[in-house]
Amino acid sequence: MPTKCFHVAILLTLMFLGAQVIGEEGMPGPQTLSVTDLKVMDLEKIRPGACADPLTDDRDWGWIRFSDIPQNRSLCLRKWFDLQDQQAPANPALLIGLLASTNVYWDGLLLLNNGSPGLTASEESVGRVQTLKRLPVASLRAGRHLLSIELSSYHVGAELEGIAYILAILDGGSLQETILGISIISAFLAGALIILAIFFQMLFSLYYRDRSFQIFAALCLSATLLLLVEQWKLWVFYPYDWHFTRINLILGLTFLTSFLLPGFYLYHYRRLADGNNHLSLKLFGLLAALLLSAWIPEGFDRKSLFLFATAIVASLMQCVWALYKQRSGAVINVILLVLSLICLIELPFVFTEFGFASMLALLMPAMLNNLIGELRRNRDKALTAERLKSELLRRNLQPHFLMNSLTHLIELIEVLPAQAVEFVAQLADEFRMLLRLSNQNVITLDEELALCRSHLKIMSSRYQQTYSLDVIGSTASVVIPSAVLHSQIENCFTHNRISSDRTFELSVKTTGERVSLLLKTPIENSVEHDSTGIGDAYVKAKLAETCVSSWHFNWERKEDEWLVLIEYEVRPELVTARELDPCTL
Amino acid sequence: MHLVIVEDEPLVQQRLLRLSKKLLGEKLTKLVVFGDIDEAEAYLEDHNIDLLLLDLNLQGRDGFALLKNQVAGSYHTIIVSAYADKAIDAFEYGVLDFVAKPFTEQRLEAAFNRLLESRQRSDFGCRYLSVKIAQRVELIQVSELSFVRAEGHYSELNLPDENSKEGWRTLLHSKSIDKISDILPDNFTRVHRSYLADMNKVKQLNIAPGGRYLLEMVSGHTIPVGRTRYKEIRQKLDERVHP
């Protein structure tokens, strides 16, 4: 438990720091002149050059909010600044984020060309989605200045909510630092996610074919792509007519990632349910919820937010269920998902900007913890299986069986050689059968009965009685964990001396895949024995290993009979594996 | 010799019977066979037998509880069992021999010889002696035992007891001093026809008036030493001081 608390503490710290960094990067610095309202006029209504000219009288022009700039227009925008001393940043730079081609002028002089604006779509030559231009320090001396922009926005490609993102004079140095900071974080996250994707894909292909590993690999890959496409704008100022394609790509990747995260949890916790866990139904439900989240809200940012929220809530439901079922690691997942949800509600646009990537990076230790736990369980399971296998053989090489049989044999050799030969053949039969069955988890009931009868034959010979096994009910297509009945029949002889011809009786009942076996073995000892022998431990371990969790194993004494009741349903994948295994044919 | 065999498997029973008859020949005065120890119990109570050949499931506590009862008897017990890994435990409880299954005629002969050519000790000295006290069987640590005195067909065990006034107590064992001598460890020496003493608990060897030799035990008891045995005892005590 202390280790778990430690993990949670580390994750919370990481999460907090992450939110801090993201929060700072998202905010403009203090030395920034943001432009919100501008004078506006259609380009075609003024003479060419009039937009840039400080002498042009714009007092009659209308006002427009920068963020409301419409698409498929050609406009002139003007903004007058009254600058005081020291008001401008140290390394002033003009940052424009606008889906339009622009010519920008400062005090009537051309500052930059971004593409070339035109009065019609064909006249326009497409500019970049974002531009950054250093301003000469001299141009910002105290006094009145004019920023004017000629723009045309005919190539956005689709109706967007807005085409203008930012227009500001800011400090070029700190902007570079910010971009560098974000880039480092993004590169770090992308690198980590790609390594994880490769690691889990290889784990799946080369080591253990658990579908949840592959889903996790796909999730990491999809989150990496989302992060890279999202942060692309920082590194490459692409032509603005690509912007629509890019945000569609982002939406698609958001959808994929939002599907894979809960999908991973669905597969990871798929064995929580005892019976059918309706996996395909749940996947269908998830898909429907995501489609609604992508369809109903207006605008890309909101669609993204809704997708993320749906994914987190769906994942949370799985993890809460896992927590209820007391799965290890579930508590860390629940805490992180709740925190992610809070982060999404409190800082929605920071969340969409950095997307799933940072959240995934934070969830990663928890997921790795889960998966390593699973690997450990698999290893333990393999060890248990190996142990059971050798125990099955060891129990039959134990003194009470092998040595007593050999003593019987030694007397036969000296007195009745012909019977000795027969007895050796019987012993060989049983050992050969045990060797073969010890390699299989699950066998048919008929095979198990053959093993039991072989054992009874040997015991009949040793005790000079006739022991037989009667079966009531159909054994056709019934499967059973190997040597379970055999161990009970063996137990009967370990604790018991049966001095007359006796019949063992097995009743078989099946309901669907569920099998109910009632084995009656004779008791002649008057002494009460404790029946929790090695045989019982073997049966319990074997049932736990091979059957769905609702198995039962009970026994009781009824007069001169020992009643053993075993109810179980062999795990479906083991039955299928058995059918496919050529060794069993 | 009065021999009892306890074995549940018919052919193994037959084997023990057949080989015993062959090996003991005329020495065998009576031979009785039982399928399990419960059935044999009453017979063993009522008859004075010499040897019990016992097949016992020594896996778990029950086997040794049964064994404890048998070794308290006046007769010797030889275990014939598949549980060879329990042989040393069985010796500690005071069995004369442990014959592991499967066994040959030669091995059974060797076991019988331990009894017939008396004073041939068992492989390992026992660590416990089972003593019947009233209806119970008590296990005595051999390491506590100081000396044994013959008491008719029985033996009197002498050992310290914090609870008694004298700091001492005596217990009567059903086995004769000869039989006890067979199973006790090497440090117990027959110092007299009627005495068996732990050499490690001897204080000194004294000569009493009349030329009688006496052993003074650490406990303060004095026990007589047989005239013919004096030399051997002297030597053993010297070896003890100067190893």
Side-chain angles (χ1 to χ4, degrees), chain A residues 394-424 426-427 458-467 490-501 523-537, chain B residues 5-23 33-42 53-66 69 78-90 98-109 111:
Chain A
R394 194 168 50 79
R395 280 192 312 118
N396 285 283
L397 290 167
Q398 259 188 349
H400 73 86
F401 182 69
L402 186 61
M403 294 302 168
N404 284 321
S405 294
L406 289 177
T407 314
H408 176 78
L409 182 59
I410 219 171
E411 179 66 7
L412 285 178
I413 290 170
E414 287 180 10
V415 184
L416 300 160
Q419 283 192 28
V421 172
E422 200 181 312
F423 187 71
V424 167
Q426 287 167 0
L427 269 184
I458 288 169
M459 295 323 259
S460 298
S461 172
R462 270 172 48 182
Y463 286 97
Q464 303 283 294
Q465 309 289 342
T466 310
Y467 307 129
E490 202 187 23
N491 242 11
C492 168
F493 288 99
T494 311
H495 295 291
N496 211 351
R497 195 162 66 93
I498 307 164
S499 54
S500 56
D501 294 357
I523 300 179
E524 284 189 7
N525 276 11
S526 47
V527 194
E528 198 73 39
H529 67 257
D530 56 337
S531 73
T532 50
I534 309 170
D536 291 356
Chain B
I5 293 173
V6 176
E7 166 61 57
D8 67 337
E9 289 193 34
L11 265 93
V12 183
Q13 208 178 67
Q14 175 191 310
R15 179 174 181 76
L16 286 169
L17 200 74
R18 187 172 64 83
L19 295 177
S20 298
K21 280 181 183 163
K22 185 179 170 193
L23 291 168
V33 179
F34 293 98
D36 69 36
I37 192 72
D38 297 338
E39 292 169 15
E41 207 72 65
L53 285 184
L54 176 62
D55 168 40
L56 205 54
N57 181 350
L58 293 176
Q59 203 73 307
R61 271 167 197 278
D62 297 357
F64 280 97
L66 287 171
N69 283 321
I78 293 176
I79 297 286
V80 182
S81 169
Y83 297 92
D85 56 327
K86 294 290 189 288
I88 292 183
D89 297 333
F98 188 103
V99 176
K101 285 183 181 175
F103 57 92
T104 59
E105 185 179 328
Q106 287 75 17
R107 181 64 188 86
L108 196 62
E109 187 175 16

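The chains referred to below are lettered A, B, ... by the order of the sequence lines, with proteins before strands, and numbering in each begins at 1.
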How close do [X] and [Y] get, heavy atom to heavy atom, and via which atoms?
X        : Y        : result
A/Tyr463 : B/Asp8   : OH-OD2, 3.1 Å
A/Thr407 : B/Arg15  : O-CD, 4.4 Å
B/Pro10  : A/Arg462 : CD-O, 3.2 Å

- prompt: Does the side chain of B/Val12 come within less than 4.5 Å of A/Asn404's, by heavy atoms?
  reply: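 The answer is no; the side chains never approach within 4.5 Å.
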- prompt: Going through the distances and angles, do A/Gln464 and B/Leu11 end up as a side chain to side chain contact (heavy atoms under 4.5 Å, CB included)?
  reply: CA-CA 8 Å; A/Gln464 303 283 294; B/Leu11 265 93; 3.1 Å; yes
field: Neighbour count above 12 (heavy atom, 6.0 Å) for A/Leu416 CG
entry: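 Buried by this count: over 12 neighbours within 6.0 Å.
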query: CD/A/Glu411 to CG/B/Leu16 distance, rounded to the nearest 0.5 angstrom?
result: 8.5 Å
- prompt: When rounded to the nearest 0.5 angstrom, what is the spacing between NE2 in A/His408 and CD in B/Gln14?
  reply: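 That separation rounds to 10.0 Å.
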message: With a 4.5 angstrom heavy-atom cut-off, is it the side chain or the backbone of A/Gln465 that approaches chain B, or both, or neither?
response: neither
query: Which atoms of B/Glu105 come close to chain A, meaning under 4.5 Å heavy atom to heavy atom: side chain ones, backbone ones, both, or neither?
result: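 Contact with chain A involves no heavy atom of B/Glu105 at all.
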